[in-house]
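Input: a single structure, listed below in structure tokens.
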Amino acid sequence: MINAGIIVFPGSNCDRDAEFALRKAGFNTEYVWHDFKEIGKYDLIFIPGGFSYGDYLRAGALAKFSPVMNEIEKYVSKKQGFVLGICNGFQILTESGILPGALTKNTSLKFICKDVDVKVINKTCSFTKFVSKEVLRIPIAHAEGNYYISESEYIKLKQEHRIAFEYVENPNGSVGNIAGVYNENFAVLGMMPHPERNSVRTLGNGDGLEILLSIRRSIEDGKK
Amino acid sequence: MEKNKLYLELGLKDFEYDRIKELLNREPNEVETYMFSAQWSEHCGYKHSKELLKKLPKNIENENAGYVLIDDYAVVFKVESHNHPSAVEPYQGAATGIGGIVRDVLAMGARPIALLDSLRFGDIKDPKAKNIFEGVVSGISGYGNSIGVPTVAGETYFDDNYQTNPLVNVMCVGLVEKDKIASSKAPAAEKLYVYIGSKTGRDGIHGASFASKELSGKDERPSVQVGDPFSEKNLIEATLEILDIPGVLACQDMGAAGILSSSSEMSFKGGFGCELHLDKVPLREEGMSAWEILLSESQERMLFLVEPGVEEKLAEIAKKYFLDYAVIGKTIEGKNMKIYMNGKLMSDMPINALVDAPSFYRKTSTPSYIQELKKEIPKSDIPLKNALFKILKDPNIANKSWIFEQYDYKVGTNTVIIPGKADASILWIKETNKGIGVTIDGNGLYTYINPFEGSRNVVYEAARNLVATGVKPLGVTDNMNFGNPENDMVMWQFEQSIEGITQACKELSVPVTGGNVSFYNESGEKAILPTPVIGMVGEADLNHIMDMQFKMASDKVYLIGK
Amino acid sequence: MKIYRFEALITLKNGILDPQGAATQKVLKRLNYKIDNVRFGKLITFDLEAENEEDAKKIAEEITYNSLINPVLENYELKLLETRELEK
Amino acid sequence: MKIYRFEALITLKNGILDPQGAATQKVLKRLNYKIDNVRFGKLITFDLEAENEEDAKKIAEEITYNSLINPVLENYELKLLETRELEK
Ligand SMILES: Nc1ncnc2c1ncn2[C@@H]1O[C@H](COP(=O)(O)OP(=O)(O)O)[C@@H](O)[C@H]1O
């Protein structure tokens with residue numbers, strides 16, 4: 001079995017959605033409350049969307065002090081498995097410095113909920129290796145999804161192929177239309193769009209499931 | 001202040017005060033006068049409406065929210081208005097409106113799964129009206145999105161008649177397995193009242209009370225309530241965990257008249273008395289007096305009744321979710337409510353006196369404006385083509401995506417039909433093939449012209465919206481937005497409207513599961529259009545639902561009906 | 001004409017709930033800081049072009065009161081930070 | 001032990017876009033105000049309990065830098081507003 005741990009912070013609200021989608025993608029799922037410290041057994045750590053700590057101060061800012069975040073840092077540096085942060089999860093990963101850049105207010109200053117098209121930029125790493133399409137239709141739902149990174153760091157990200165997804169039409173002002181980025185060793189992905197919201201046909205065209213399935217297959221291949 | 005003047009300042013009438021003295025067999029003291037003023041206010045006491053509301057074909061009495069059944073699930077739903085707070089502070093008014101209705105549904109033990117909003121504002125070209133409109137939408141977005149409950153449908157109208165008195169009606173739908181429905185009725189004496197949630201401050205203590213007591217300088221406007229969606233989200237999860245603990249007997253949200261009304265109503269429904277210790281209540285501000293603590297409408301608080309010994313488990317859950325916790329009293333044998341502060345007995349009186357506000361119902365007759373209206377035949381000489389463009393340009397007809405794209409209508413991953421795609425939205429009951437159809441509708445103009453038929457039509461419109469998506473209507477919740485009920489015309493409109501809704505519900509065989517009344521929607525001379533708002537839910541088989549998009553070129557279009 | 005730079009310090013009125021401050025405080029307390037009374041406000045800076053200081057102050061007050069604050073919930077304090085000549 | 005009240009003034013770094021400031025400025029310009037460089041920041045006040053001023057300042061810096069700001073986006077200035085005796 002491939003095990004996914006879904007981190008639940010006070011204020012997370014896509015944890016149950018993630019659980020449903022991961023199960024559909026064939027993962028064995030467990031919720032991990034933010035005070036918990038034993039995360040070594042998971043093949044995938046999923047940091048779901050929502051408003052951890054109400055998104056007070058800044059989105060994702062207070063969550064970085066939860067005990068589980070220290071463990072996630074260790075998990076990442078020891079390369080124990082994959083980490084996927086969606087929406088608020090992405091914000092938490094940038095706030096805690098695991099991923100570069102910062103997520104700021106949408107240029108419209110408004111929350112935006114709609115389906116958008118995102119281009120898969122790097123199709124060689126585990127998260128996207130088995131994705132069949134070039135462009136995925138995935139919902140966004142955020143007020144602070146405007147990805148900021150300095151010019152020099154942007155160039156570096158590009159050179160290192162660490163941009164995972166780009167919006168076809170920029171909804172929020174993100175530098176370089178960035179919708180998702182990887183860490184240095186491609187084990188951590190943060191993205192604003194919600195693949196877990198489009199994981200079954202009843203809810204859309206199922207494009208989101210492709211990403212989750214790619215992760216599962218990559219983990220399975222790695223275990224062989 | 002002289003005692004006998006206080007009651008007048010607080011909005012009680014002379015004959016009501018006499019009634020209170022009769023019920024108590026004595027003069028009420030200061031705290032008690034405040035208690036009566038809150039419990040006998042229109043908001044809590046339904047003085048002008050309770051007689052007429054009895055006509056509605058109800059399926060459930062006396063709970064925080066009503067429900068209908070779909071297989072093994074109860075679909076809990078209710079609508080509530082937050083018109084006045086939204087006029088004063090649009091963002092917070094709307095936000096706290098969401099918070100309040102969510103807690104009503106939560107108190108039934110249901111997980112909130114959807115929100116709907118019915119909104120009315122003045123002319124959108126007017127900067128003030130626009131300001132209120134934008135503030136309200138962002139308040140709903142800010143609060144609803146944060147607590148993770150999708151706002152899946154609504155309606156929005158702009159009309160001069162709502163210029164200074166906007167309508168903000170919000171509806172929440174929740175889902176619970178039917179044998180897990182919670183009750184607000186105290187089942188026995190000597191059980192503990194446990195307070196869970198945010199601290200109590202001076203917010204939302206009624207304007208009437210304030211005018212008389214507090215306002216000393218221009219900077220003091222403490223009655224504005226500020227929403228804290230983070231605490232609400234925590235309260236949702238905490239409440240659902242708490243209700244799973246054996247020995248948790250009843251629960252209620254602290255809404256209007258906060259601690260006072262929740263504790264007295266829970267005890268009263270069970271036929272018991274209660275004892276409260278106000279010094280135990282977690283406070284946010286210093287120097288709060290007994291009446292302020294009792295009447296405060298601070299947000300994000302719930303009251304539970306538990307077996308002694310179980311309270312420690314609640315304390316742990318409260319801690320887990322960053323919430324305050326306190327045992328503030330207990331149920332007792334007898335019929336009295338006893339209020340203590342720092343060991344001193346502040347009040348001891350029968351609960352039924354408090355809960356049983358007098359009825360102000362009176363007969364009315366058809367007002368003259370109806371005759372006048374009948375003489376007026378609307379005419380228009382705009383050429384048809386121009387008329388079409390005019391209609392399409394009208395903000396009431398134009399696309400509403402500016403609004404609903406600010407709402408997270410997908411969180412929860414149950415929204416099978418999303419806003420903009422059909423006349424109603426549909427929510428999936430996961431792991432089944434069933435869906436819940438939801439819609440909310442109102443029509444002030446029709447209701448003004450003919451309150452009976454106009455209101456009857458609103459129920460039918462809601463039903464048509466559901467049926468058009470393949471949903472079978474199951475139940476109705478109503479929000480009656482009217483002017484000053486002391487005015488005969490308004491009272492007549494209200495009565496007619498209730499009768500129209502009653503008739504329609506009987507014709508369609510759908511029960512009214514609950515509702516809300518909002519009177520005094522006027523400013524200056526002018527009352528709003530009488531605006532009953534109908535929320536309706538129904539059942540869908542997900543293999544047989546339909547949205548309104550044309551599917552393919554060369555498909556035929558038919559018009560059916562008269 | 002000169003340019004006047006103002007700073008508006010906007011704070012919540014006493015008694016008005018500050019959910020951000022409260023949550024931030026709870027988190028910091030859990031990290032064992034001896035912290036209390038955390039309150040969030042806004043800091044808005046802006047430049048005004050005006051004939052003289054008196055005018056500038058009047059306009060700044062007007063803007064702050066009418067547009068920057070919500071008088072139902074907030075108080076403010078206005079500071080003139082600097083004055084400089086208008087560059088042509 | 002004493003109580004030290006601090007004020008953290010948090011501003012966006014130069015070059016970081018401030019959509020809120022830009023939007024407000026647009027509205028105010030439309031109202032014919034001669035306004036420019038509108039920038040939004042945060043003002044956070046808090047009380048710290050500490051042995052002495054030096055300690056208090058050190059802790060306040062730590063809290064502000066590690067928790068209250070995001071160094072990718074923001075600068076800050078910290079001010080000690082007042083000191084008072086701890087009431088027992
Ligand atoms: N305030 C609102 N909140 C959420 N959705 C709204 C709101 N106003 C309108 N909508 C949505 O916009 C769509 C169109 O609404 P409306 O213009 O009222 O259409 P109709 O008159 O055909 O019902 C519907 O899906 C409705 O739910």
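Only this structure's heavy atoms are used, side chains among them; waters, hydrogens and symmetry mates stay out. Here is the naming used below: chain letters follow the sequence lines, and residue numbers restart at 1 for every chain.
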Exercise. Under the side chain to side chain contact (heavy atoms under 4.5 Å, CB included) test, which residues partner D:Pro19, sequence neighbours left out?
Worked result: A:Lys105, A:Leu109
For this session: Give, as side chain, backbone, both or neither, the part of C:Leu68 having an atom under 4.5 angstrom from any heavy atom of chain D.
Result: side chain
Are there any donor-acceptor pairs closer than 3.5 angstrom between chain C and chain D, and if so, which ones?
{"residue": "C:Tyr33", "atom": "OH", "partner": "D:Glu62", "partner atom": "OE2", "Å": "2.5"}
{"residue": "C:Lys34", "atom": "O", "partner": "D:Glu49", "partner atom": "N", "Å": "3.0"}
{"residue": "C:Asp36", "atom": "N", "partner": "D:Asp47", "partner atom": "O", "Å": "2.9"}
{"residue": "C:Asp36", "atom": "O", "partner": "D:Asp47", "partner atom": "N", "Å": "2.8"}
{"residue": "C:Asn37", "atom": "ND2", "partner": "D:Asp47", "partner atom": "OD2", "Å": "2.7"}
{"residue": "C:Arg39", "atom": "N", "partner": "D:Thr45", "partner atom": "O", "Å": "2.9"}
{"residue": "C:Arg39", "atom": "O", "partner": "D:Thr45", "partner atom": "N", "Å": "3.0"}
{"residue": "C:Gly41", "atom": "N", "partner": "D:Leu43", "partner atom": "O", "Å": "2.6"}
{"residue": "C:Gly41", "atom": "O", "partner": "D:Leu43", "partner atom": "N", "Å": "3.1"}
{"residue": "C:Leu43", "atom": "N", "partner": "D:Gly41", "partner atom": "O", "Å": "3.0"}
{"residue": "C:Leu43", "atom": "O", "partner": "D:Gly41", "partner atom": "N", "Å": "2.6"}
{"residue": "C:Thr45", "atom": "N", "partner": "D:Arg39", "partner atom": "O", "Å": "3.0"}
{"residue": "C:Thr45", "atom": "O", "partner": "D:Arg39", "partner atom": "N", "Å": "2.9"}
{"residue": "C:Asp47", "atom": "N", "partner": "D:Asp36", "partner atom": "O", "Å": "2.8"}
{"residue": "C:Asp47", "atom": "O", "partner": "D:Asp36", "partner atom": "N", "Å": "2.9"}
{"residue": "C:Asp47", "atom": "OD2", "partner": "D:Asn37", "partner atom": "ND2", "Å": "2.7"}
{"residue": "C:Glu49", "atom": "N", "partner": "D:Lys34", "partner atom": "O", "Å": "3.0"}
{"residue": "C:Glu62", "atom": "OE2", "partner": "D:Tyr33", "partner atom": "OH", "Å": "2.5"}

Exercise. Roughly how far, to the nearest 0.5 Å, is CD1 of C:Ile35 from CZ of D:Phe46?
Worked result: 5.5 Å
Problem set entry | Top contributor to chain C interface from D:Ile10, D:Ile59, D:Leu48 [non-hydrogen pairs under 4.5 Å] | D:Leu48
Problem set entry | chain D contact via C:Leu28 - side chain, backbone, both or neither, heavy atoms under 4.5 Å | side chain
